[in-house]
Amino acid sequence: MKKLDKERVLLAVAAPVLALAAAFVLTALVLLATGKEPFNAFGIMFDYGMKADSQVYILNKATTYYLAGLAVAIGFRMNLFNIGVDGQYRLAAFFAAVVGGALGLPGLVQIPLILLVGMLVGAMWASIAGLLKVYRGVSEVISTIMLNSLSGIVISYLLVDGRLADLDKQTNIVATDPLPSSSHFFTIPAGGDLDPIWGFIVVAALAGVGFWFLLGRTRFGFDLRAVGRSESAAQASGVNVKRMVLTSMVLSGAMAGLIGMPTLLNDTHQFTSDFPTGIGFTGIAIALLGRNNPVGIALAAVLWGFLERGANRLEFEGYDKEIVGVMQGVIVLCVVIAYELVRRYGLKRQQQRVGAELAAQARADKPQGTDKTEVPA
């Protein structure tokens, strides 16, 4: 049994390791093709990423990316592609900022209320795609992509001076009302003159534990994974497939509603026209790299933050900043290829193991002396 567990662990680790190794090799070839020295670039990124201020930056970025990865992974576990995480999180952050800016309650009430509003808005927006899939058979990929555009239109309409936002004439920035100080989330001092670590990293860690427990240790999680493997088999065993699809989309949207909270509660304290975009799509890459596992997603989120931090330094050293974007794209492609190769190898090994066990059982069940030719007396 121990040998089987070790082999499964090795196969689980092999795919991301192969993907990262291939990504760095291909990126090095791209750098060489452009006349740049690849090892010097990697050295610059590593040295800069190990600095204390860079580590704080990486952890803060990884907090947001981790939540995005979890939101996408919930759908992936059920074979659902929630491409609309980006729109869900931005719409949720916008309305959470509007509600938070309009109230002045004590922090113990105000902060949970803001989080609840964000999760509800994200869940409701994602439920539209779930309802369309369950009752009209519309692909969640198409519906969530369209909802991304629609969420941007809604925010653009409401984020206007005189509606749900105000124009700062000095900076010419349109933003919602600032959150009161009671809504500011706590921070963790990093020491010296360094920026603090966002306290929302604690909430992200708790979300990861909840993800692991719900999907890995409950009947609901078992049913969800069963539907993801085979809808017909799950339905035959008594699972309500339509309800599971809708519930999964709602949970994914609720998790997406938390993505903007670290930035809102720990950094900007209001929603502006330049609120971060594209994080939902980053979550897809992180969920793939982390194999939909909360620990793997955490490592992938840290890696993504490290690469982005390194990109800022490379630009000052004469390298093209876009090289990191190339590296990230290559990582995603290599992850898909590596996972498929490892999956096929694991399937082949399983078939060989089952064949060997059947052959051994057949030899054990064979009567003694049947291999010898009987000689008549």
When you measure from the side chain of Ser54 to the backbone of Met50, do you find a donor-acceptor pair of N or O atoms at a distance under 3.5 Å?
no
Pairs where residues 65-82 contributes a residue and the test side-chain hydrogen bond (donor to acceptor under 3.5 Å, both in side chains) is met, not counting sequence neighbours:
Tyr65-Glu308, Asn82-Gln88, Asn82-Ser252
Check: Arg225 side chain, Leu215 main-chain N or O, donor-acceptor pair, under 3.5 Å:
yes
Note: Ile259 and Ala71 closest approach over all heavy atoms is CD1-CB, 4.3 Å
Check this for me: does any side-chain nitrogen of one of Asp223 and Arg219 sit under 4.0 Å from a carboxylate oxygen of the other?
yes
Look only at the side chain of Ser183 and the backbone of Ile111, and say whether a donor-acceptor pair between them is shorter than 3.5 Å.
no
Atom CG of Leu108 with >12 non-hydrogen neighbours under 6.0 angstrom:
no
If you measure from the Lys or Arg side-chain nitrogens to the Asp or Glu carboxylate oxygens, is any gap between Glu357 and Arg353 under 4.0 Å?
no
Is Asp193 atom CG crowded by more than 12 heavy atoms from other residues, nucleotides or ligands, each under 6.0 Å away?
no
Just wondering, are more than 12 heavy atoms of other shown residues or ligands nearer than 6.0 Å to OH in Tyr345?
no
Chi angles and distances behind the side chain to side chain donor-acceptor pair (under 3.5 Å) call for Gln270, Thr176:
CA-CA 6 Å; Gln270 59 183 169; Thr176 59; 5.1 Å; no
Determine, using the 4.5 Å side-chain heavy-atom cutoff (strictly less than), whether Phe316 and Tyr319 are members of one ILVMFWY cluster.
no
Provide the closest heavy-atom pair for Phe271 versus Ala97 in the form atom of the first, atom of the second, distance.
CB-CB, 3.7 Å
Output a table of donor-acceptor pairs, distance under 3.5 Å, between side-chain atoms of residues 276-297 and any protein atom two or more places apart or on a different chain; print 'none' if there are none.
unit_1: Thr282; atom_1: OG1; unit_2: Gly278; atom_2: O; d: 3.2
unit_1: Asn293; atom_1: OD1; unit_2: Val295; atom_2: N; d: 2.9
unit_1: Asn293; atom_1: OD1; unit_2: Gly296; atom_2: N; d: 3.3

Output the distance between atom OG (Ser248) and atom CD (Glu140), rounded to the nearest 0.5 Å.
10.5 Å
Least distance between heavy atoms, Ala129 atom then Met249 atom:
CB-CE, 3.9 Å
Return each pair, listed once, that meets salt bridge (Lys or Arg N to Asp or Glu O under 4.0 Å) where at least one residue sits in residues 229-245; pairs must be two or more places apart or across chains.
none
Is it true that Ile153 and Val98 fall in one hydrophobic cluster, defined by side-chain heavy atoms closer than 4.5 Å?
no
Who passes ring-ring contact (aromatic ring centres under 6.0 Å, His included) against Tyr48, sequence neighbours left out?
none
Give me the atom names and distance for the closest heavy-atom approach of Phe76 to Phe81.
CE2-CD2, 3.2 Å
Sidechain-backbone polar pair: Thr268 side chain, Thr263 backbone, donor-acceptor under 3.5 Å:
yes
Would you mind listing every salt bridge (Lys or Arg N to Asp or Glu O under 4.0 Å) that reaches into residues 152-167, with sequence neighbours excluded?
none
Does Leu206 form a side-chain contact (heavy atoms from CB on, under 4.5 Å) with Val203? I'd like the steps, not just the answer.
CA-CA 5 Å; Leu206 293 175; Val203 178; 5.5 Å; no
Run Met244 and Phe220 through side-chain contact (heavy atoms from CB on, under 4.5 Å) and show every step you take.
CA-CA 9 Å; Met244 292 301 300; Phe220 171 81; 3.5 Å; yes
Are Thr64 and Trp198 close enough, and set up right, to give a side-chain contact (heavy atoms from CB on, under 4.5 Å), and what steps lead you there?
CA-CA 10 Å; Thr64 303; Trp198 294 348; 4.1 Å; yes
Of the non-hydrogen atoms in Lys61 and Gly305, which two are nearest, and what is the gap between them?
CB-CA, 4.4 Å
Checking the side chain of Asn266 only, and the main-chain atoms of Phe200 only, is there a donor and an acceptor separated by less than 3.5 Å?
yes
Closest heavy-atom pair, Cys334 versus Leu26, reported as atoms and distance to 0.1 Å, is SG-CD1, 4.0 Å
Tell me whether Glu317 contacts the main-chain N or O of Ala41 through its side chain, where contact means a donor paired with an acceptor under 3.5 Å.
no
Does atom CZ of Phe186 have more than 12 heavy-atom neighbours from other groups under 6.0 Å away?
yes
Residue pair Val324 / Leu314, side-chain heavy-atom distance below 4.5 Å
yes
In one Ile/Leu/Val/Met/Phe/Trp/Tyr side-chain cluster, 4.5 Å: Leu158, Val99
yes
Output for pair (Thr272 OG1, Leu264 CG), nearest 0.5 Å, gives 10.0 Å
Find out if a path of hydrophobic residues (ILVMFWY) with successive side-chain heavy-atom gaps under 4.5 Å connects Leu120 to Ile128.
no
Where the side chain of Ser127 meets the backbone of Gly130, is there a donor-acceptor pair that is under 3.5 Å apart?
no
May I have all residue pairs that pass salt bridge (Lys or Arg N to Asp or Glu O under 4.0 Å) and include part of residues 28-55, sequence neighbours excluded?
Asp53-Arg309
